[in-house]
Amino acid sequence: MQQRPEGTMHAGLWEFPGGKVDPGESAEDAAVREMEEELAVGLDPASLVPVGFASGLLGEGSTGGAAGGALGRRALVLLLYAARGWEGAPVSQEGGQAQWYAAQSLGELAMPPLDYPLADALKIWLKHDFSEKYADRC
Ligand SMILES: Nc1nc2c([nH]c(=O)n2[C@@H]2O[C@H](COP(=O)(O)OP(=O)(O)OP(=O)(O)O)[C@@H](O)[C@H]2O)c(=O)[nH]1
């Protein structure tokens with residue numbers, strides 16, 4: 001998990017690492033690029049397995065809320081992937097903290113709203129260990 005830096009929306013809250021998909025980029029390629037940029041971790045896009053998604057409005061749960069603020073009502077969909085292998089040790093490249101947490105303890109972290117359902121999806125996914133099904137991709 002990584003902590004959002006000061007001066008950004010949801011500053012100080014812990015989130016799954018990642019970021020926005022660039023135009024023309026696949027979601028998997030974006031995940032690989034963001035993990036490299038944010039944590040200096042190398043991933044193979046073919047090793048990514050979809051875990052779940054969460055959908056809401058940009059800015060919901062931050063100071064001022066989404067509907068009344070300058071952000072308007074922009075939809076936000078977060079896709080969560082699992083990776084069983086990577087190169088390098090994750091180190092935050094953007095000044096904030098990055099830390100491992102057991103899936104079971106994620107609910108106790110202060111997170112932006114959509115990361116809670118993502119954490120629940122991860123717990124279910126880990127319980128059933130769907131990665132076996134995708135062994136040829138990992
Ligand atoms: N992880 C997460 N992000 C959320 C939630 N709700 C919400 O508005 N966001 C916002 O969605 C954006 C996610 O984009 P991002 O991961 O590329 O964040 P970023 O810091 O690179 O972009 P930024 O400069 O716009 O803040 C952030 O601005 C974040 O504050 C949420 O529930 N979970």
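Both counts, for ligands and for their atoms, begin at 1 and track the order of listing. If you read the sequence from its start, that first residue is 1, and numbering goes on from there. Bear in mind the structure is a predicted one, so any value in this text is a computation, not a measurement.
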Which of the atoms of ligand 1 are close to [X], meaning less than 4.0 Å from one of its heavy atoms?
{"X": "Gly19", "result": "15 (P), 16 (O), 17 (O)"}
{"X": "Pro113", "result": "32 (O)"}
{"X": "Gly59", "result": "7 (C), 8 (O)"}
{"X": "Pro112", "result": "2 (C), 5 (C), 31 (C), 32 (O), 33 (N)"}
{"X": "Gly18", "result": "16 (O)"}
{"X": "Leu78", "result": "1 (N), 2 (C), 33 (N)"}

Flag [X] as yes when one of its N or O atoms lies below 3.5 Å from any N or O atom of ligand 1, and as no otherwise.
{"X": "Glu60", "result": "no"}
{"X": "Thr8", "result": "no"}
{"X": "Leu114", "result": "yes"}

Search all heavy atoms of [X] against all heavy atoms of [Y] and return the closest pair with its distance.
{"X": "His10", "Y": "Glu60", "result": "NE2-O, 3.4 Å"}
{"X": "Ala119", "Y": "Met111", "result": "CB-CE, 4.2 Å"}
{"X": "Ala110", "Y": "Tyr116", "result": "CA-OH, 3.7 Å"}

- Task: Among Leu78, Leu80, Val77, find the residue that satisfies the side chain to side chain contact (heavy atoms under 4.5 Å, CB included) test when tested with Leu114.
- Result: Leu78

- Task: Can you spot which of Gln3, Gln2, Arg4 makes a side chain to side chain donor-acceptor pair (under 3.5 Å) with Gln97?
- Result: Gln3

- Shortest reach to atom 1 (N) of ligand 1 by a heavy atom, considering only Leu57, Leu13, Asp115, Leu118: Asp115

- Message: Please state which option from Lys20, Glu38, Glu37 has its nearest heavy atom closest to atom 17 (O) of ligand 1.
- Response: Lys20

- Under the ring pair (Phe, Tyr, Trp, His ring centres under 6.0 Å) test, residues paired with Phe53 that sit two or more places apart: none

- Query: Are Val32 and Tyr81 side-chain neighbours, meaning at least one heavy-atom pair lies under 4.5 Å?
  - Reply: no

- Query: At under 4.0 Å between heavy atoms, which part of Met9 makes contact with ligand 1: side chain, backbone, both or neither?
  - Reply: both

- Which segment of Glu34 sits under 4.0 Å of ligand 1 when only heavy atoms are counted: neither

- Query: Do Leu13 and Tyr101 belong to the same hydrophobic cluster, where Ile, Leu, Val, Met, Phe, Trp and Tyr are linked whenever their side-chain heavy atoms lie under 4.5 Å apart, directly or via other members?
  - Reply: no

- Item | ligand 1 contact by Arg4, heavy-atom criterion under 4.0 angstrom | yes

